[in-house]
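Reading through the structure tokens given below for one structure.
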Amino acid sequence: MRWLPLCSAAPCVKAMALKQVSSNRCFEGFQKVFEHDSAELKCKMKFGIYLPPKAETAKCPVLYWLSGLTCTEQNFITKAGFQQGAAEHGLIVVAPDTSPRGCNIEGEDESWDFGTGAGFYVDATEEPWKTNYRMYSYIKDELPKLINANFPTDPERMSIFGHSMGGHGALILALKNPGKYKSVSAFAPICNPIQCQWGKKALGGYLGSDVSKWEAYDATQLVKSYAGSPLDILIDQGKDDQFLSAGQLLPDNFIAACTEQKVPVVFRLQQGYDHSYFFIATFINDHIKHHAKYLNA
């Protein structure tokens, strides 16, 4: 079976730049992983892509998933159990890696919350990170162009969601690019990184000491000045999440800013749930339905 675009010859040339790593039949579609050379990140990158049965005969909307700290493209595609819902609603789901890999930057593998596996979805401006650590531009521009050139997508119908660091990524991408995404949702997002230890470490390292530069990647700060097309935001947060109680996620700050700006947000505090993929798997179908409502409208 050929998963090439319904396209002219030019984009099909790009298709050759993708190397298929794995392919598994799943709910009558395919869960695949591909590798490619990233121009933005200057390294090889992998992404998971679920192609629903509908993609065999028609162009489908695309839902981008951004994972959290320490994750690769594998965590979501093997643990979240999203494929059945994606098959039912005819959604292509793309799950990229969380950072550049193997860039031989001194210190890139020294800690779990900075460097490898912790790209934080920003474009770094500081040495030695600024050449490779450009996850914001990779997710915003390079990856969608690659997906649209190689798979049967409808480029006008695109949404985004994520978990923890990836929830932060999903929120800032939606808020910084009004109209680009039809919908956004998050599981336990890092809502106010300029105020938490994870955020201070990552943003300080990638962007330098000027906190005003950090604000451009902080969902709570961004929503205060959001004036774009209406966003219907869904957030699920486990009440027993250890990182919630440790002050790393700070959803209350984001909710308050949304309320003040009259930006609609549904925030669900889920009793007894933690930060894990067991929590994500429990509520993933609600998020798939949330996005399908807008992507299939």
Can Gln270 and Gln237 be counted as having a side-chain donor-acceptor contact under 3.5 angstrom?
no

Do Ile105 and Met135 share a hydrophobic cluster, counting only Ile, Leu, Val, Met, Phe, Trp and Tyr and linking them when any side-chain heavy atoms are less than 4.5 Å apart?
yes

Fellow cluster residues of Tyr294, listed by chain then number, with links counted only when side-chain atoms sit under 4.5 Å apart
none

Salt bridge flag under 4.0 Å for residues Lys289 and Asp286
no

Asp97 and Arg101 ion-paired at < 4.0 Å:
yes

Kindly indicate, with the supporting measurements, whether the criterion side-chain hydrogen bond (donor to acceptor under 3.5 Å, both in side chains) is fulfilled by His287 and Asp236.
CA-CA 9 Å; His287 287 246; Asp236 272 309; 2.7 Å; yes

Partner residues of Glu28 under the salt bridge (charged side-chain N to carboxylate O under 4.0 Å, His left out) criterion, sequence neighbours left out:
Arg25

Considering only heavy atoms from C-beta outward, does the side chain of Ile233 approach that of Pro264 to under 4.5 Å?
no

Heavy-atom distance under 4.5 Å between the side chains of Glu35 and Met45, does that happen here?
no

Listed partners of Asp109 passing side-chain hydrogen bond (donor to acceptor under 3.5 Å, both in side chains), at least two apart
Thr116

If you group Ile, Leu, Val, Met, Phe, Trp and Tyr by side-chain heavy-atom gaps below 4.5 Å, do Phe114 and Val122 land in one group?
yes

Give the other cluster members for Leu250, using side-chain heavy-atom distances under 4.5 Å between Ile, Leu, Val, Met, Phe, Trp and Tyr residues; answer none if it is isolated.
none

Run the side-chain hydrogen bond (donor to acceptor under 3.5 Å, both in side chains) check on Ser183 and His290 step by step: do they pass?
CA-CA 8 Å; Ser183 51; His290 170 77; 4.9 Å; no

Under 3.5 Å donor-acceptor pairs involving side-chain atoms of residues 189-199, not counting sequence neighbours:
unit_1	atom_1	unit_2	atom_2	d
Asn192	OD1	Asn253	ND2	2.8
Asn192	ND2	Asp218	OD1	3.2
Asn192	ND2	Asp218	OD2	2.9

For a 4.5 angstrom cut-off between non-hydrogen side-chain atoms, does Ile77 reach Phe82?
yes

Validation row, ring centre Phe279 to ring centre Phe187 under 6.0 Å
yes

Take the angle between the ring planes of Trp129 and Tyr133 and call it parallel below 30°, perpendicular above 60°, tilted in between.
perpendicular

Would you list the atom pairs, donor with acceptor, under 3.5 Å between side chains in residues 66-74 and any protein atom, with sequence neighbours excluded?
unit_1	atom_1	unit_2	atom_2	d
Ser67	OG	Trp65	NE1	2.8
Thr72	OG1	Gln74	N	3.0

Closest heavy-atom pair and its distance - Lys59, Thr153:
CD-O, 3.3 Å

Within the 4.5 Å heavy-atom criterion, are Ile49 and Leu51 side-chain neighbours or not?
yes

Heavy-atom side-chain contact between Arg268 and Ile235 under 4.5 Å
no

So Tyr138 and Tyr121, side chain to side chain contact (heavy atoms under 4.5 Å, CB included) or not? Walk me through it.
CA-CA 9 Å; Tyr138 176 71; Tyr121 305 103; over 6 Å; no

Treating Ile, Leu, Val, Met, Phe, Trp and Tyr as nodes and any side-chain heavy-atom pair under 4.5 angstrom as an edge, say whether Ile147 and Leu63 lie in one connected cluster.
no

4.5 Å side-chain heavy-atom contact, Lys42 and Thr131:
yes

Smallest heavy-atom separation, Cys43 atom then Cys103 atom, equals CB-SG, 4.1 Å

More than 12 non-hydrogen atoms from neighbouring residues, nucleotides or ligands closer than 6.0 Å to CD on Glu260, yes or no?
no

Value rounded to 0.5 Å, distance of CD in Glu40 from CG in Leu143
11.5 Å

Here's one to test your reading of the geometry: is the NZ or CZ of Lys176 within 45 degrees of the ring axis of Tyr217 and under 6.0 Å from its centre?
yes

Aromatic ring pairing His163/His275, orientation class (parallel under 30°, perpendicular over 60°, tilted between):
tilted

Is there a side-chain hydrogen bond (donor to acceptor under 3.5 Å, both in side chains) between Lys32 and Ser23 once you walk through the steps?
CA-CA 4 Å; Lys32 294 174 177 278; Ser23 178; 3.0 Å; yes

When you look at NZ of Lys200, are more than 12 heavy atoms from neighbouring residues, nucleotides or ligands closer to it than 6.0 Å?
yes

So do the side chains of Lys293 and Asp232 get within less than 4.5 Å of each other, counting heavy atoms only?
yes

Would you please indicate yes or no on a ring centroid separation below 6.0 angstrom for Phe254 and Phe267?
no

Chi angles and distances behind the side chain to side chain contact (heavy atoms under 4.5 Å, CB included) call for Tyr273, Asp241:
CA-CA 7 Å; Tyr273 287 90; Asp241 186 327; over 6 Å; no

Residue pair Ser38 / Leu41: nearest heavy atoms and the distance that separates them:
OG-N, 2.9 Å

Could you state whether Val62 and Phe34 fall into the same hydrophobic cluster, counting links through intermediate Ile, Leu, Val, Met, Phe, Trp or Tyr residues with side-chain heavy atoms under 4.5 angstrom apart?
yes

Tyr136, Leu171: one ILVMFWY side-chain cluster at the under-4.5 Å cut-off?
yes

Could Lys201 and Phe120 be counted as a cation-pi pair, given that NZ or CZ must be under 6.0 Å from the ring centre and within 45° of the axis?
no

So do Phe151 and Val94 actually touch side chain to side chain, heavy atoms under 4.5 Å?
no

Heavy atoms of Gly238 and Leu244 approach each other most closely as O-CD2, 3.7 Å

